[in-house]
Amino acid sequence: MKKLELHTVVHLYDDIDELDQDSRDLMKEAIVARSNAYAPYSKFTVGCAIKLDDGTIIHGNNQENAAYPSGLCAERVAIFAAGANHPGKAIVKMAITASGIDNKFTKPVPPCGACRQSIAEYEMRQQQPLECYFMGASGNIAHVNSHKELLPLAFDKKYL
Ligand code: THU
């Protein structure tokens, strides 16, 4: 038996003011995106802003449904919109913010596993890293240079 140890690097920022201008602006876009979430059932709102290599900004937010599993997370709403409307454009970075109605998290809220899998697909497809910043409603922000940091041992097309 051999042991495989995986090493993940996450950068932590105190708050939005510690980010560089470009990333701060993108997180502000994510906050705007979160304000448009449709989350009447969970009352947990998530906003995602994506920046493409041509500077285009795309918003996504969680879209819920009375048939609960029919809803979709903010990250996938955003990344699928990018894939659908801007084919061939690389995604440079994404910013995510999440907040409960009562619990306005000030610690980073990471993307769910299904979203990590979807994001990893786009990163592999574009063959260049896709940076991700994520926070709660405000406060501390986490940053990874690539989704490999968030989803090691990802399933991908080589297994098909
Ligand atoms: N949600 C997201 O939008 N992104 C995630 O990464 C985790 C969860 C949404 C889905 C649902 O509308 C609500 O948050 C509660 O799970």
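Order of listing sets the numbers, starting from 1, for every ligand and every atom in it. We use all heavy atoms of the structure for the numbers below, so side chains are in, but hydrogens, waters and symmetry mates are not.
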request  = Could you label the plane-to-plane angle of the Tyr41 and Tyr68 rings as parallel, tilted or perpendicular, counting under 30° as parallel and over 60° as perpendicular?
outcome  =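 Tyr41 vs Tyr68 ring planes: tilted.
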
ask   = Parallel, tilted or perpendicular: which describes the rings of Phe105 and Phe44, with under 30° parallel and over 60° perpendicular?
value =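 The rings of Phe105 and Phe44 stand perpendicular, inter-plane angle above 60°.
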
inquiry  = I'd like to know if the side chain of Gln63 pairs up with that of Asn61 as donor and acceptor (distance under 3.5 Å, no hydrogens or angles considered).
reply    =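 Per modelled atom types, Gln63 and Asn61 side chains form a pair under 3.5 Å.
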
request  = Compile the protein residues with any heavy atom at a distance under 4.0 Å from an atom of ligand 1; present them by chain, then by number.
outcome  =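 If the criterion is a heavy atom under 4.0 Å, then ligand 1 touches Ser42, Phe44, Val46, Asn62, Glu64, Cys73, Ala74, Glu75, Pro111, Cys112.
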
task = Check whether any side-chain heavy atom of Ile57 lies under 4.5 Å from a side-chain heavy atom of Ile50, and answer yes or no.
result =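 Not in contact.
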
inquiry  = Strictly by salt bridge (Lys or Arg N to Asp or Glu O under 4.0 Å), give each pair with a member in residues 16-28 just once, sequence neighbours left out.
reply    =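 Listed once each, the pairs are Asp22-Lys51, Asp22-Lys93.
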
query = Does NZ in Lys104 sit with more than 12 non-hydrogen atoms of other residues, nucleotides or ligands closer than 6.0 Å?
reply =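 Check passes, neighbour count above 12.
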
